[in-house]
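Everything below concerns the one structure shown next.
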Amino acid sequence: MGYNRGISANVSLPPGSKSGGVEELSQIMAKVKGGIQVGRVTDIILNGDYPDIEKYGGLNGIGTIFFELNNFISDGRGTAKPFFPQISAYPLVNEMVLIFKLPNTNIGKNTSEESYYYINMISLWNHPHHNAYPNPITSTDLLPSQQKDYQQTEAGSVRRIGDLDSKDQSTGINLNSEINDSQKTFPDKKEELTNIHPLLPFAGDIIYQGRFGNSIRFGSTANPSFSTNPSFPDPLNSWSDIPNNGDPITIIRNGQSPEESDEGWVPITEKINEDLSSIYATSTQKIPIETQNYEWSSYDKNPPTDPNLFTKPQVIINSDRLVFNAKTDHVLISAEKSVFLGSNSSLNFNAGRKVVVECRDIKLGDNTATEPIILGNIFLDELGVVLKKLSQLCTQLQSTQIWPAGAPVANGGIITIAGSLKTDIEKFKNNMSSYKSQVSKTK
């Protein structure tokens, strides 16, 4: 039997037609839909210090949540495990999750036995920092103003994370485990980070955001001025000055700019010069990075294009400090044109055994340097021969005589100079080996 594929599979059945496959699919979807529930997280297991963790599978129970059904009063609480084994996106206390039943580890013994699993925090506030919401029936620790705040939200108003109009500028919600003190690490209640901003999306972007201003954007050049609409002349981000729309860019950011406002509900874009640490992988974009040193005076011609003007594929890593460490093998840096190392202070090289620089033309001090370095061994060996002969000459000169009145007498002036020079020559010869560097070699 053949099957349609792609768009051709989306066909309507004539009125009155029946299909066993469609009916069966409808039954399955109805069962799944009926089994999905919304649970509010009341606690979560995040480490081995959770009380009685062995009841929940020991360390295999990490990620297990305790939940109550939304707006429901119950003496007990259910448990649910994460649905995705490879992705860890654990909820906070008081966040909502989707819960449903699926077979558990006893599936080989009892095919009807099921357990709860959960996926995805529900984006109540559409904000990456948290999406918690207290149970309006059971919550008693909220201030009256906050309780009214959430009641108004439930009635249709908008409550913004970090909203400065909120009287205490906090949620007032418990976001940490009340049972395991070692898990109380998330900013809680009045310590909530109200200045964490969501990223502004552009058409086609895929964005992954952490709760603390860290993110990955799979995006592209996005500038409305490249379209036919002249009412949007400027891009809303810093990487879309160069066409064409759709050219890919990937941005990894760890920590938003400390200068961002406390209006945490306002979306922002990445700022390479202000964000704490960034990696940009570009295609045609011009990135306005402010580098600390790109003085091209060491180049006599064809210097590199300034990093903030380059419009071909490049990878930019920007942070307060960069560390490249190869634990068991090499660090390799290779380039078609040049490798530039620039510093406003110093360049330091420290090797345990040796430093090798292999090149046909090495210039030290300036790119116009013309004075060659002397080859130490050859020069000193040849100089030693000259000094030996010069010493012999001094020996002969020490016995020179003159005949001022027909009788020979010693030439005092020459003898004194010859003796002094011979002493200096012997001293130089004795110290010749110390004039050669024990570290640096040239060829």
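Basis for what follows: all heavy atoms, side chains included, without hydrogens, waters or symmetry-related copies.
The backbone N or O of T368 lies less than 3.5 Å from no partner atom in the side chain of D300, so there is not a single donor-acceptor pair. Side-chain atoms of N344 come within 3.5 Å of backbone atoms of Q292 as a donor-acceptor pair (strictly under, hydrogens ignored). Within the 3.5 Å criterion, the main-chain N or O of P103 finds a donor-acceptor partner in the side chain of Y117. For Q37 (side chain) and I99 (main-chain N/O), no donor-acceptor pair under 3.5 Å exists by modelled atom type. One N or O on the side chain of Q256 and one on the backbone of H197 form a donor-acceptor pair closer than 3.5 Å. When atom types are taken as modelled, the side chain of N273 and the backbone of P288 share a donor-acceptor pair closer than 3.5 angstrom. Put simply, the side chain of Q285 gets close to the backbone of P248: a donor and an acceptor are under 3.5 Å apart. In this structure, N318 contributes its side chain and I272 its backbone to a donor-acceptor pair below 3.5 Å. Between the side chain of E260 and the backbone N or O of S257 there is no donor-acceptor pair closer than 3.5 Å. Remark: side-chain polar atoms of H127 are paired, donor with acceptor, to backbone N or O of G264 under 3.5 angstrom.
In this structure, a donor-acceptor pair under 3.5 Å is present between the side chains of S338 and Y299. If you check the side chains of N237 and S240, you find a donor sitting under 3.5 Å from an acceptor. No hydrogens or angles considered: nothing links the side chains of N126 and W265 as a donor-acceptor pair under 3.5 Å. A side-chain donor from one of S177 and D43 sits under 3.5 Å from a side-chain acceptor of the other.
At a threshold of 4.5 Å between non-hydrogen side-chain atoms, the residues S238 and T269 do not count as touching. Using a 4.5 Å cut-off on side-chain heavy atoms (C-beta onward), V93 and N176 make no contact. Between L199 and R253 there is a side-chain heavy-atom pair separated by less than 4.5 Å. Counting heavy atoms from C-beta on, the side chains of I44 and Q183 come closer than 4.5 Å. Within the 4.5 Å cutoff, the side chain of N308 has no heavy atoms near those of the I287 side chain. With contacts defined as side-chain heavy-atom distances shorter than 4.5 Å, the pair I122/L98 qualifies. Here the side chains of F186 and H129 are in contact, with some heavy-atom distance below 4.5 Å. Here the side chains of K286 and I242 are in contact, with some heavy-atom distance below 4.5 Å.
Nearest approach of D241 to P235, heavy atoms of both residues: OD1-CG, 3.6 Å. Between N244 and T221, the closest heavy-atom pair is O-CB, 3.3 Å. What you find for F202 and A222 is that their closest heavy atoms are CB-CB, 3.8 Å. Here the closest non-hydrogen pair linking P187 and F212 is CD-CE2, 4.1 Å. Closest of all the heavy-atom pairs between W296 and D306 is NE1-OD1, 2.8 Å. When all heavy atoms are compared, the tightest approach of S182 to N47 is OG-ND2, 3.0 Å.
In summary, the aromatic rings of Y90 and Y118 are positioned with their centroids too far apart to meet the 6.0 Å limit.
Ring-plane geometry between Y116 and F67 is classed as perpendicular, the angle between the planes exceeding 60 degrees on a 0 to 90 degree scale with a lower cut at 30. The aromatic rings of Y435 and F428 lie tilted to each other, with the angle between the two planes from 30° to 60°. Aromatic ring orientation, F83 versus F100: perpendicular (interplanar angle above 60°, classes split at 30° and 60°).
Summarising the local packing, CG of L347 is surrounded by more than 12 heavy atoms from other residues, nucleotides or ligands at distances under 6.0 Å. Heavy atoms of other residues, nucleotides or ligands lying less than 6.0 angstrom from CD1 of I333 number 12 at most.
Taking CD of Q314 as the start and OH of Y280 as the end, the distance is 11.5 Å to the nearest 0.5 Å.
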Verify side-chain contact (heavy atoms from CB on, under 4.5 Å) between I45 and I53, making sure each step is shown before the conclusion. CA-CA 8 Å; I45 299 175; I53 189 174; 3.9 Å; yes
Start with the C-alpha distance between D247 and S220, add both sets of side-chain angles, then the distance that settles side-chain contact (heavy atoms from CB on, under 4.5 Å), and finish with yes or no. CA-CA 5 Å; D247 288 347; S220 69; 5.8 Å; no
Could you go through R217 and Q209, starting from their C-alpha distance and side-chain angles, then the distance that decides it, and tell me whether this counts as side-chain contact (heavy atoms from CB on, under 4.5 Å)? CA-CA 8 Å; R217 181 195 295 267; Q209 299 185 71; over 6 Å; no
Candidate pair L92 and I173, rule side-chain contact (heavy atoms from CB on, under 4.5 Å), full reasoning: CA-CA 11 Å; L92 298 171; I173 310 176; over 6 Å; no
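Among I289, T305, T284, the single residue meeting the side-chain contact (heavy atoms from CB on, under 4.5 Å) criterion with F310 is T305.
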